[in-house]
Engineer: 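Got a structure for you, questions after.
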Amino acid sequence: MSDIATLAVKGCLGGLFVVIFAALSEPLQPKSFAGLFAASPSIALAALVVTGITKGTDADHEQSLAMVFGAIAMVCYCLTAVVAVERFGALRGSIVAFGSWGGVAAAGYFAFLAH
Amino acid sequence: MASSAATVRRLGHSFEEPIGSRLDKLHQIRVRDLATRFAFGFAVSVFAGLVTLAAGNRVGGLFLAFPAILPASLTLIDKREGRQAAATDVSGAVLGAVALISFALVSWQLSGRAPLGIAQGAAAAAWIATAGLLYFATSAVVRRRHRGS
């Protein structure tokens with residue numbers, strides 16, 4: 001499968017998983033419980049399944065290790081966003097919080113993955 | 001300071017509410033909102049794939065936990081239900097994100113050792129179990145603290 005076709009399949013599957021998790025969370029209450037699904041592994045599942053089929057599970061092994069650090073950065077992003085969204089609103093607050101994701105992900109990469 | 005304390009109190013209350021579902025809300029989902037989410041999911045997946053192609057598995061893997069879906073979800077919630085509902089949604093996402101670490105750890109340990117379906121199925125099960133346990137544990141702690149005060 002060509003790289004472009006692989007990307008297209010990843011995109012469609014990723015979009016589909018995001019919609020499924022969003023639809024699952026929509027009727028749930030309270031909001032904090034439904035919010036669990038906002039950090040669902042939709043993109044990761046799509047990427048790892050397609051990568052596993054096209055490039056083999058060794059590539060999944062390496063990507064999953066890196067994802068551990070991405071997920072730690074995601075926790076920092078969410079903690080920052082709790083405060084930033086309340087203060088700046090949803091769009092600006094969630095964009096401001098990207099700084100914490102980038103900082104923690106970069107630190108994890110250079111400390112554990114780069115060599 | 002006072003508003004921070006109020007925020008923490010409000011978020012705490014949200015964890016005390018009983019879990020339930022309002023299936024009628026499924027009918028209120030607008031196709032446009034789902035299309036927005038699909039577009040974000042598509043774009044982030046393609047972006048993560050491009051990063052992997054350009055910089056390798058270790059950089060691309062970081063982006064499997066990139067929080068690009070959250071801004072779309074939060075903006076939609078903010079528009080429909082207000083800023084506080086969006087902030088409460090993120091407080092749940094904190095626990096979902098911690099569970100994402102367990103997803104990645106299980107996938108890392110099983111990929112290459114177990115068949116693809118089993119590795120990813122187990123990783124997804126680990127996310128569900130960890131997210132659920134964290135939510136109920138947080139809920140129990142908040143309830144106990146409120147009973148004690």
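Below, chains carry the letters A, B, ... as their sequence lines are ordered, and counting in each starts from 1.
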Engineer: Most heavy-atom pairs under 4.5 angstrom with chain A, which of B:R113, B:R22, B:R37?
Structural biologist: B:R22

Engineer: Can you say whether B:F40 sits under 4.5 Å from chain A via the side chain, the backbone, both, or neither, judging by heavy atoms?
Structural biologist: neither

Engineer: Under 4.5 Å heavy-atom distance to chain B, tell me which part of A:A97 shows up: side chain, backbone, both or neither.
Structural biologist: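 For A:A97, no heavy atom lies under 4.5 Å from chain B.
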
Engineer: Give me the atom names and distance for the closest heavy-atom approach of B:Y135 to A:S32.
Structural biologist: OH-OG, 3.1 Å

Engineer: Counting only heavy atoms closer than 4.5 Å, note whether B:L34 contacts chain A via side chain, backbone, both or neither.
Structural biologist: both

Engineer: Quick one: does A:L48's side chain get under 4.5 Å of B:F103's, heavy atoms only?
Structural biologist: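 Yes, side chains in contact.
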
Engineer: Does any backbone or side-chain atom of B:L76 lie under 4.5 Å from a heavy atom of chain A? Answer side chain, backbone, both or neither.
Structural biologist: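 Neither; nothing under 4.5 Å.
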
Engineer: Say whether, by atom type as modelled, one donor and one acceptor occur between the side chain of B:R58 and the main chain of A:A66 under 3.5 angstrom.
Structural biologist: no

Engineer: When you check the gap from the basic side-chain N to the acidic O, do A:E26 and B:R30 get nearer than 4.0 Å?
Structural biologist: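 Result for this pair is no, no salt bridge flagged.
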
Engineer: Could you tell me if the side chain of A:M67 sits less than 4.5 Å from the side chain of B:L62, heavy atoms only?
Structural biologist: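 A side-chain contact is absent here, since even the closest heavy-atom pair is not under 4.5 Å.
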
Engineer: Report, by ascending residue number, the residues of residues 101-109 of chain A in heavy-atom contact with chain B at a distance under 4.5 Å; give 'none' if the set is empty.
Structural biologist: A:W101, A:A105, A:Y109

Engineer: Name all residues meeting the ring pair (Phe, Tyr, Trp, His ring centres under 6.0 Å) criterion together with B:F47; count only those two or more places apart in sequence or in a different chain, and write none if there are none.
Structural biologist: B:F63

Engineer: Contact part of A:F88 toward chain B, heavy-atom cut-off under 4.5 Å: side chain, backbone, both or neither?
Structural biologist: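 It is the backbone, since no side chain atom gets that close.
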
Engineer: Which bit of B:S73 is near chain A, if near means a heavy-atom gap under 4.5 Å: side chain, backbone, both or neither?
Structural biologist: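 Neither part.
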
Engineer: Should side-chain heavy atoms under 4.5 Å link Ile, Leu, Val, Met, Phe, Trp and Tyr, which residues sit in the same cluster as B:L116?
Structural biologist: A:V49, A:I53

Engineer: Quick check against the 3.5 Å criterion: does A:H61 have a side-chain atom that pairs as donor or acceptor with the backbone of B:W108?
Structural biologist: yes

Engineer: Quick one: does B:N57's side chain have a donor or acceptor within less than 3.5 Å of a partner on A:Q63's backbone?
Structural biologist: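 It does not hold such a pair.
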
Engineer: Which atoms of B:L105 are under 4.5 Å from chain A, going by heavy atoms: the side chain, the backbone, both sets, or neither?
Structural biologist: both

Engineer: Could you tell me which portion of B:T138 (side chain, backbone, both or neither) has an atom closer than 4.5 angstrom to a non-hydrogen atom of chain A?
Structural biologist: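 Neither part, no heavy atoms under 4.5 Å.
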
Engineer: Can you sort out the partners of B:E81 under salt bridge (Lys or Arg N to Asp or Glu O under 4.0 Å), two or more places apart, ordered by chain and number?
Structural biologist: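 In terms of salt bridge (Lys or Arg N to Asp or Glu O under 4.0 Å), with neighbours along the sequence ignored, B:E81 is linked to A:K31.
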
Engineer: Quick one: closest heavy-atom pair of B:A97 and A:M74, and the distance?
Structural biologist: CB-CG, 3.5 Å

Engineer: Which bit of B:P115 comes within less than 4.5 Å of chain A, counting heavy atoms only: side chain, backbone, both or neither?
Structural biologist: neither

